[in-house]
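The analysis underlying the following values was restricted to heavy atoms, covering all of them including side chains, and did not include hydrogens, waters or symmetry mates. First the proteins, then the strands, lettered A, B, ... as listed; each starts at 1.
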Amino acid sequence: MLDALSYDFMQNALAAALLASVACGVIGSLVVVNRLVFLAGGVAHTAYGGVGLAFATGLPVLPCTIGVTLAASATMARVTLRSRHRADAVIGALWAAGMAMGILLIDLTPGYAADLMSYLFGSILAVPRSDVWIMAALDVLVLLAVVRFYRPFLAMSLDAEFAEARGVPVQALHFLLLALTAVSVVMVIRVVGLVLVMALITIPPFMAEPFSRSLARMMVLASALAMVFCVVGLALSYSLDLSAGAAIIAVASLSFFLTLPVRRRARLEHS
Amino acid sequence: MNDTPALELTSVTFSYNGAPAVQDVNLRLPRGDYLAVLGPNGGGKTTLLRLILGLEQPSSGTVRVLGDDPRRARPRIGYLQQDAHGPSAFPISVLDTVLMGCIGSGRWRPTAADHALALESLSRVGMRDFAARRIGALSGGQRQRVFIARALASGPDLLLLDEPAASIDQEGRNTLFDFMAELHERGMTIVMVSHDISVVSRRVTSVACVNRTLHHHPSPEITYEMAKLLYGCEDGECPVDLIAHGLPHRVLASEEYWHKEAEAARRNAADVPAAASASTEGGDA
């Protein structure tokens, strides 16, 4: 098993998985406690439009996807602030539109259709060293932002109305959180792909919540869980010749269902 | 110690989508007052609080809070909003929740002084022993006390409470109102919003009724004008409504006053049904 690590592509895959786990644990925790999972799903799927745009125009994929996803997240942030009651419908529309735009752009680009699956289900075993460095930089960016704004984020997440009444810039933080979500989502797409990105953003934080007495601990625990899922998933994928993204999510989902009975008890004991 | 009024609203109107939620509201509240704001649901009570907090800007008129612009006065306001329960699964301790009350624009990390004040606030509401507990493990009444501690944690000059008793049981309610009265005796200015008219008997010093327009009475009594705002009742019907709501007699203005007002109203209204007049007399007896 360990000899797998002598391959460059396995080293890169492991590094990418661990880096993605950090972003998923930290941003996923904020997404879960703010009940923005559906919004994060919308952001993730508009990322597909970014991938399509990169293929159609020949721009580098990662920066182009991040650009499109950031624009989509800003739009969604505006919509959710302005028309709260119909925000979910608008998110649904943007979700579908982003996806369709990606497919149409790829349709119009000759020769790339074979690569489509790798963005839907991830291509962790094909992550180049340069992308690992970009992911590391994005991780640092996300961590710096969350550490810097931890308390206002906490105030907003706990009680947005009260936070606003105390002068916390809740609207700006909402934009920032969705931008950070966009960046993290694009990172995770490399690892597990678009379709499964939601699992890594939601499952580890959801599992961590009842065992955490603070949001910070929830972030740390969720990151650790995501790392375990990624490493175990990668190992299974290597030894059983399974697709890596799906193996990681299978491990996460299985752990999630197995720990469901413990959740209720944990919440009471840890309070 | 300070002569500027705690609240000064002058001809304040605020509209949602063209329909005025509050209209031409005038209110001058001296410091140290304990005001109960009554009104039916949807009557504009919460809008009034949001205007005072600067979360909404009036369409016309001016709002001054503690002699200042509402936004600038915010750090000196303690606020407890309606249904301040939050998600019970949220991973946060009681102490950290209370520390959220010290947060302010550009002032995010709690200092040692903030910690001391947060613990003191918890002691004042009798929740000091629960500081390390998770917020989700508390009962509704205990949580409400924690949220009051949060409102007190910034050492405010003015306390705004939106339906503080709505979700707690009768015993918790008594404790809460005793605590409020004690705070008021120590000099705190309190504005308490409620849809429950019986709070007037809870040692408040003045009453305002808001149902789009506002009527303020600087003593703990319900006046005839207020009853009309509260229940939207036709002239002559109000007293029976109030009695039917189980209101303690002492919060009503004197009986002679009610008789006089009801008589005047009956004389003014030519087409009051006989049944309504009869039941009014029954209610007054």
S.K.: Quick check on the interface: out of A:A160, A:S29, A:A216, A:A165, who has the most heavy-atom pairs with chain B under 4.5 Å?
M.R.: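 Max contact count across the listed options: A:A165.
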S.K.: So which part of B:L99 gets closer than 4.5 Å to some heavy atom of chain A, the side chain, the backbone, both or neither?
M.R.: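 Backbone plus side chain of B:L99, per the 4.5 Å heavy-atom cut-off to chain A.
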S.K.: Report the option among B:S93, B:G54, B:S154 that has the most heavy-atom pairs separated by less than 4.5 Å from atoms of chain A.
M.R.: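 Maximum pair count with chain A is reached by B:S154.
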S.K.: Under 3.5 Å, side-chain donor or acceptor atoms of residues 220-234 of chain A against the rest of the protein: list the pairs with distances, not counting sequence neighbours.
M.R.:
from: A:S223; atom 1: OG; to: A:V22; atom 2: O; distance (Å): 3.4
from: A:S223; atom 1: OG; to: A:M219; atom 2: O; distance (Å): 3.0

S.K.: Is the Lys NZ or Arg CZ of B:R150 less than 6.0 Å from the centre of A:F162's six-membered ring, within 45° of the axis?
M.R.: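 Yes, a cation-pi geometry.
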S.K.: Any donor-acceptor pair under 3.5 Å linking the side chain of A:T46 with the backbone of A:G98?
M.R.: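 Checking the backbone N and O of A:G98 against the side chain of A:T46, no donor-acceptor pair under 3.5 Å is found.
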S.K.: Could you look at B:P110 and say if it's the side chain, the backbone, both or neither that has a heavy atom under 4.5 Å from chain A?
M.R.: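 For B:P110, the contact with chain A is made by backbone and side chain together.
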S.K.: Please determine, among B:P70, B:G101, B:A151, B:C102, the option with the most heavy-atom pairs under 4.5 Å with chain A.
M.R.: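 Highest number of pairs under 4.5 Å: B:G101.
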S.K.: Check whether B:R134 reaches the backbone of A:S212 with its side chain - one donor and one acceptor, N or O, closer than 3.5 Å.
M.R.: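 Side chain of B:R134 to backbone of A:S212, a donor-acceptor pair under 3.5 Å: yes, one is there.
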S.K.: Which answer fits B:L53, side chain, backbone, both or neither, if we ask what part of it has an atom under 4.5 Å from a heavy atom of chain A?
M.R.: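 Just its side chain gets close to chain A.
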S.K.: Has the side chain of A:S214 got a donor or acceptor atom that lies under 3.5 Å from a matching backbone atom of A:R217?
M.R.: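 Judged by distance alone, yes, a pair lies under 3.5 Å.
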S.K.: Counting only heavy atoms closer than 4.5 Å, note whether B:R71 contacts chain A via side chain, backbone, both or neither.
M.R.: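 The answer is neither part of B:R71.
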S.K.: Between the side chains of B:R145 and B:T175, does any donor sit under 3.5 Å from an acceptor?
M.R.: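 Distance-only check fails for B:R145 and B:T175.
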